[in-house]
Amino acid sequence: MSDSPFSDQVMTFAKAPSLAELPDVIDVRTVTPPNPPEETQMKFVGLSYESAYAEAETFVKVVDEFSVKHGPGALASLRRIIDFGSGWGRISRTLLTKVEPHQLHALDVDNQMTALINLSLPGLNALTIDPEPPTVLGDESVNGLLAFSVFSHLSGGAHEAWAAEIGRLVAPGGFAAITVLDQAFFGQVAGAQAAVKAGTADDFATSLATTFDDVA
């Protein structure tokens, strides 16, 4: 038994190696953050590298222009922004070309992804949230929220619950930019169901066919 007046855990912490220096807060204009493995990129967004970032850049540009014309102003001027359903952080990385890390909160239900963001984008506020609201963030605590290809993955009940929570979080005069699937998606599902019936469906079509029991 140890003669120390402190617990074994205290001594374990105390004897751990020390960092040589504190980590720098990320500045993507001077330091390029590392990417996650390609399989992780593909798993979350169906794209990787140039294609994934090009899509993110287009979305962020549209949101920035909208906020200037119809919202609280350029993204750089906002006090707090949320990247909702951030995944591995492609939207967050793109936002960091316009805003400072302390302005940005990345929210996701996957704690491995928030750990990845904290590691690859130090200084950004990555927060793991529950699959169902509410979050721990305060009423009217953000000026802008971006959710790219998130609501298209939610059930009807979760869609309504998170829409209400976003309404609670966004301050008057702020905005929420949310992408959803359009009417063409119903045609894709119907096509997948037809392929399953004909025995020609691949794995993706087989999964897609289960989206609705009755497309009509």
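All values reported here derive from a predicted model rather than from experimental measurement.
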J.: If we only count heavy atoms from C-beta on, is the Val60 to Leu75 side-chain gap below 4.5 Å?
T.: yes
J.: Taking Pro134's backbone N and O only, do any of them form a donor-acceptor pair with Trp162's side chain (distance below 3.5 Å, no angle check)?
T.: no
J.: Does Ser51 use its side chain to pair, donor to acceptor, with the backbone of Leu47 at less than 3.5 Å?
T.: no
J.: Compare every heavy atom of Leu107 with every heavy atom of Thr135, then report the nearest pair and how far apart it is.
T.: CG2-CD2, 4.3 Å
J.: Please check if the side chain of Ser67 supplies one atom and the backbone of Gly73 the other of a donor-acceptor pair under 3.5 Å.
T.: yes
J.: Report yes if the side chains of Val63 and Phe175 come closer than 4.5 Å at any heavy-atom pair, otherwise no.
T.: yes
J.: Is there a donor-acceptor contact under 3.5 Å from the side chain of Arg80 to the main chain of Gln103?
T.: no
J.: Extract all donor-acceptor atom pairs below 3.5 Å that involve side chains of residues 208-216 and protein atoms in other chains or at least two apart in sequence.
T.:
residue, atom, partner, partner atom, Å
Thr210, OG1, Ser207, O, 2.6
Thr211, OG1, Leu208, O, 2.7
Asp214, OD1, Ala216, N, 3.1

J.: Counting only N and O atoms by type, is there a donor-acceptor contact under 3.5 Å from the side chain of Gln41 to the main-chain atoms of Pro36?
T.: yes
J.: Any side-chain to backbone donor/acceptor pair from Asp64 onto Ala74? Under 3.5 Å, distance only.
T.: no
J.: Is a side-chain donor or acceptor of Asp139 paired with a backbone partner of Arg168 at a separation under 3.5 angstrom?
T.: no
J.: Does atom CG of Asp203 have more than 12 heavy-atom neighbours from other groups under 6.0 Å away?
T.: no
J.: Between Asn118 (side chain only) and Thr114 (backbone N and O only), is there a donor and an acceptor less than 3.5 Å apart?
T.: yes
J.: Salt-bridge test for Glu100 and Arg29: reply yes if a basic N is under 4.0 Å from a carboxylate O, no otherwise.
T.: yes
J.: Run the ring-centre check on Trp88 versus Tyr53 and record whether the distance is less than 6.0 Å.
T.: yes
J.: Side-chain contact test, heavy atoms from C-beta onward, threshold under 4.5 Å: evaluate it for Leu145 versus Ile81 and give yes or no.
T.: no
J.: So, Ser92 versus Ser86: side-chain donor-acceptor pair below 3.5 Å or not?
T.: no
